[in-house]
Amino acid sequence: MPELPECEANRRRVEDGALNRTITGFSEGNVTHLDLPTPSERKRLEGRQFTEARRHGKLIFAGSATGPWISVHLGMTGWLDCVDGSFEPPNWGHFVICFEGDRRLVFHNRRKLGWMKVIDDPATYLDDTGVGPDAMEMGENAFVDMLGKSRGAIKAALMDQKKIAGIGNLYSDETLYQVGISPKAKGSDLDAATLKKVHSALCDVLDTLLAANDGGPVPKDWLRHRREAGAACGLCDGTIRKATVGGRTAFYCSEHQS
DNA sequence: CTCGGTGTTCGGAC
DNA sequence: CGTCCGAACACCGA
């Protein structure tokens with residue numbers, strides 16, 4: 001599920017379903033190799049309430065002014081859900097925070113690449129981990145500066161959570177496709193005007209996807225609908241190609257992405 | 001049966 | 001230090 005827009009949808013579910021209720025306990029299933037709060041961390045949570053849910057990049061936080069907070073990374077296949085009453089525990093890895101009134105916050109994680117930990121405060125935690133600015137908050141100047149200084153492939157820079165937080169494989173491709181830049185282009189080779197266009201395209205992609213969380217449309221000409229080698233480009237006469245960039249599979253149009 | 005994936009981390013090389 | 005590469009993590013579906 002998880003790049004910035006999907007993480008935001010998960011954050012909102014936490015906000016809508018897991019705030020202002022006292023934590024009464026925990027349950028879990030199939031949790032080998034899943035990184036979850038320790039017993040003492042769970043003890044810190046018990047009896048407390050979350051009053052706020054935040055997101056930074058792909059991280060989701062829930063907590064209160066006095067703490068503690070949970071910090072959740074969904075990995076490749078994780079999601080958060082709130083349910084009422086008893087529920088059928090899934091067979092896959094999951095961790096449940098139980099609240100008063102039979103409400104549960106369920107952290108599903110099939111592939112077990114995600115994690116949840118307990119922290120004192122999100123701001124301090126973000127400082128300590130060195131994660132970059134959230135993609136929705138990063139201004140044009142900072143964005144142009146960051147890419148202008150990065151000597152590697154622009155796709156790799158966009159996916160580097162220490163440079164800009166929240167962008168992954170799909171939406172780095174989508175942005176570069178829409179703005180007509182090769183994923184292999186080096187940021188430091190592009191002029192400021194071009195990098196501003198990349199910034200604008202990224203904002204459009206994220207805005208559209210956030211709106212799609214509320215039922216908004218995703219344009220038919222997006223790369224998203226044609227992520228396979230040999231597909232017809234939605235924007236020109238070209239053909240979609242596949243390559244490895246920044247350690248991930250990139251799809252791009254060999255014709256209009258120079 | 002094998003491969004690959006909306007993610008990250010680690011070690012090693014340059 | 002910045003960057004790149006391959007491998008690893010665990011699971012499921014094509």
Side-chain angles (χ1 to χ4, degrees), chain A residues 1-11 13 28-36 55-60 71-81 89-95 107-117 125-126 128-132 134-136 145-178 183-190 202 205-206 208-210 212-213 218 222-231 240-252:
Chain A
M1 294 223 51
E3 292 185 42
L4 188 152
E6 295 77 29
C7 292
E8 177 58 22
N10 278 274
R11 183 204 69 79
R13 285 201 295 280
E28 60 187 36
N30 190 10
V31 294
T32 38
H33 298 110
L34 192 48
D35 198 3
L36 295 172
R55 181 196 55 73
H56 183 104
K58 298 172 187 172
L59 291 171
I60 297 162
S71 172
V72 185
H73 195 293
L74 299 173
M76 287 259 254
T77 57
W79 74 97
L80 295 162
D81 237 339
N91 289 326
W92 54 79
H94 67 279
F95 177 69
F107 175 33
H108 297 270
N109 209 303
R110 288 189 122 121
R111 219 172 133 186
K112 298 176 175 170
L113 295 175
W115 46 259
M116 180 189 293
K117 62 182 71 177
Y125 176 74
L126 291 170
D128 292 346
T129 57
V131 67
D134 182 82
M136 293 298 291
D145 186 56
M146 179 277 286
L147 284 184
K149 286 193 300 201
S150 80
R151 291 178 285 121
I154 188 167
K155 174 180 171 65
L158 290 173
M159 292 191 300
D160 184 341
Q161 304 301 301
K162 289 187 159 43
K163 289 182 159 69
I164 178 170
I167 313 305
N169 195 27
L170 257 44
Y171 304 148
S172 57
D173 273 3
E174 191 66 60
T175 298
L176 296 169
Y177 174 80
Q178 292 184 25
K184 302 171 195 166
K186 302 193 187 317
S188 53
D189 284 346
L190 301 173
L202 174 62
V205 164
L206 294 178
T208 299
L209 291 164
L210 287 167
N213 286 335
V218 175
W222 276 31
L223 175 66
R224 161 155 256 216
H225 307 302
R226 41 180 64 76
R227 285 185 68 82
E228 60 178 319
I240 302 303
R241 298 269 173 74
K242 179 179 166 178
T244 299
V245 183
R248 308 297 300 281
T249 300
F251 291 93
Y252 64 101

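No hydrogens, no waters, no symmetry mates; every other heavy atom, side chains included, goes into these values. Sequence lines set the chain letters: A, B, ... in the order given, protein chains first and strands last, and positions in each chain run from 1.
- A salt bridge is absent between A:Asp173 and A:Arg248: the closest approach of a Lys/Arg side-chain nitrogen to an acidic carboxylate oxygen does not fall below 4.0 angstrom.
- Counting to the nearest Å, the C1' atom of C:dA8 and the CG atom of A:Asp35 are 16 Å from each other.
- The same atom, C1', is picked in C:dC4 and in B:dT6; the two are 23 Å apart, to the nearest Å.
- For the residue pair A:Tyr171/A:Arg224, the side-chain donor-acceptor check at 3.5 Å is satisfied.
- Rounded to an integer number of Å, the gap from A:Lys184 NZ to C:dC5 C1' is 16 Å.
- In this structure, A:Arg241 contributes its side chain and A:Ala243 its backbone to no donor-acceptor pair below 3.5 Å.
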Expected string for nucleotides 9-14 of chain B under the B/S/- scheme (protein heavy atoms, under 4.0 Å, primed atoms plus P, OP1, OP2 as sugar-phosphate) is ------

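- Taking 4.5 Å as the limit, every side-chain heavy atom of A:Trp115 sits out of range of all side-chain heavy atoms of A:Asn109.
- Between the CD atom of A:Gln161 and the C1' atom of B:dT8 there is a distance of 9 Å, given to the nearest Å.
- A:Asp160 places its CG atom 13 Å from the C1' atom of C:dC1, with the value rounded to the nearest Å.
- Looking at A:Gln178, its side chain never comes within 3.5 Å of a backbone N or O of A:Thr175 through a donor-acceptor pair.
- A distance of 10.0 Å separates CZ in A:Arg227 from NZ in A:Lys242, rounded to the nearest 0.5 Å.
- A heavy-atom distance below 4.5 Å is not found between the side chains of A:Met116 and A:Ser71.
- Taking a cutoff of 4.0 Å between a charged side-chain nitrogen and a carboxylate oxygen, A:Lys163 and A:Asp160 qualify as a salt bridge.
- Around the CG atom of A:Asp128, the shell of radius 6.0 Å holds more than 12 heavy atoms that belong to other residues, nucleotides or ligands.
- A distance of 7.5 Å separates CG in A:Leu209 from CD in A:Glu174, rounded to the nearest 0.5 Å.
- In this structure, CG of A:Asn10 is placed 14 Å from P of B:dG7, rounded to the nearest angstrom.
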Would you list the protein and nucleotides 2-6 of chain B atom pairs, both N or O, that sit under 3.5 Å from each other?
residue	atom	partner	partner atom	Å
B:dG5	OP1	A:Thr249	OG1	2.9
B:dG5	OP2	A:Thr249	OG1	3.1
B:dG5	N3	A:Arg111	NH1	3.2
B:dT6	OP2	A:Asn169	ND2	2.8
B:dT6	OP2	A:Arg248	NH2	3.4
B:dT6	O5'	A:Arg248	NH2	3.3
B:dT6	O2	A:Met1	O	3.4

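- No side-chain donor-acceptor contact under 3.5 Å links A:Gln161 to the backbone of A:Gly57.
- The nearest whole Å value for the distance from the CZ atom in A:Arg151 to the P atom in C:dC4 is 9 Å.
- By the 4.0 Å N-to-carboxylate-O rule, A:Lys117 lies too far from A:Asp35 to be salt-bridged with it.
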So what is the 5' to 3' dot-bracket string for DNA chain B, if pairs are Watson-Crick or G-U wobble with both distances under 3.5 Å, crossing pairs use [ ] and | means the partner sits on another strand? .||||.||||||||

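- A straight line from CG of A:Asn109 to P of C:dC12 spans 12 Å, rounded to a whole angstrom.
- The side chain of A:His73 places no N or O atom within less than 4.0 Å of a non-bridging phosphate oxygen (OP1 or OP2) of B:dG7.
- When heavy atoms are screened at a 4.0 angstrom cut-off, A:Lys163 is found touching the sugar-phosphate backbone but no base atom.
- Of the candidate nucleotides C:dT3, B:dT8, C:dC11, C:dC11 has the atom nearest to the side chain of A:Lys112.
- Relative to the side chain of A:Leu113, the nucleotides C:dC12, C:dC4, B:dG7 differ in distance, and B:dG7 lies closest.
- Rounding to whole angstrom units, CD1 of residue A:Ile60 and P of B:dG7 are separated by 13 Å.
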